[in-house]
Amino acid sequence: MFIPTAVAQQHPAEATLLARFVAGDPEAANSLFRQLGSSDQSSLEPVLEVISSCADLFLWQHLLQVLAAGRSLDGTDRRPQIDS
């Protein structure tokens with residue numbers, strides 16, 4: 001995943017979070033979507049800056065796949081629970 005060096009240095013935690021998300025880490029996915037759904041601008045702006053600077057097609061595809069699978073922007077799973 002390509003994140004410009006200056007952006008990665010300015011927001012190292014968010015850059016690492018995105019790398020973990022792209023690698024398939026479910027906890028990173030939860031953290032990322034909690035930040036994206038946050039009304040706290042100090043949490044939201046850094047992650048948006050890193051995402052918007054990222055030219056990686058896989059990141060965008062993965063974000064869309066996770067959203068399509070039913071995850072809301074607040075990090076909760078919106079798929080119906082199936083009782084066994």
Side-chain angles (χ1 to χ4, degrees):
M1 178 175 67
F2 175 74
I3 298 174
T5 303
V7 174
Q9 288 175 342
Q10 186 177 7
H11 304 293
E14 290 80 5
T16 299
L17 179 63
L18 282 177
R20 290 179 38 224
F21 170 73
V22 168
D25 180 341
E27 185 54 42
N30 287 335
S31 295
L32 176 63
F33 282 93
R34 272 194 304 273
Q35 282 185 293
L36 288 172
S38 176
S39 60
D40 177 14
Q41 291 299 311
S42 65
S43 292
L44 181 59
E45 288 176 2
V47 76
L48 286 177
E49 184 175 347
V50 175
I51 289 173
S52 66
S53 72
C54 184
D56 192 291
L57 180 60
F58 186 75
L59 168 64
W60 291 101
Q61 290 173 333
H62 196 53
L63 283 167
L64 291 173
Q65 286 172 344
V66 171
L67 285 172
R71 183 165 307 280
S72 68
L73 286 177
D74 65 2
T76 58
D77 191 344
R78 299 254 173 137
R79 291 175 286 190
Q81 296 295 320
I82 299 172
D83 294 327
S84 307

[atom2] on [Y] to [atom1] on [X], rounded to 0.5 Å:
| X | Y | atom1 | atom2 | result |
| --- | --- | --- | --- | --- |
| E14 | Q35 | CD | CD | 5.5 Å |
| L48 | Q41 | CG | CD | 8.0 Å |
| L18 | D25 | CG | CG | 12.0 Å |
| L63 | I51 | CG | CD1 | 5.5 Å |
| L64 | Q61 | CG | CD | 8.0 Å |

Strictly distance-based, threshold 3.5 Å: is any side-chain N or O of S38 a donor or acceptor partner for the main-chain N or O of R34?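 Not confirmed, S38 side chain does not pair with R34 backbone.
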Are L17 and V50 close enough that some pair of their side-chain heavy atoms sits under 4.5 Å apart?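 They are not in side-chain contact.
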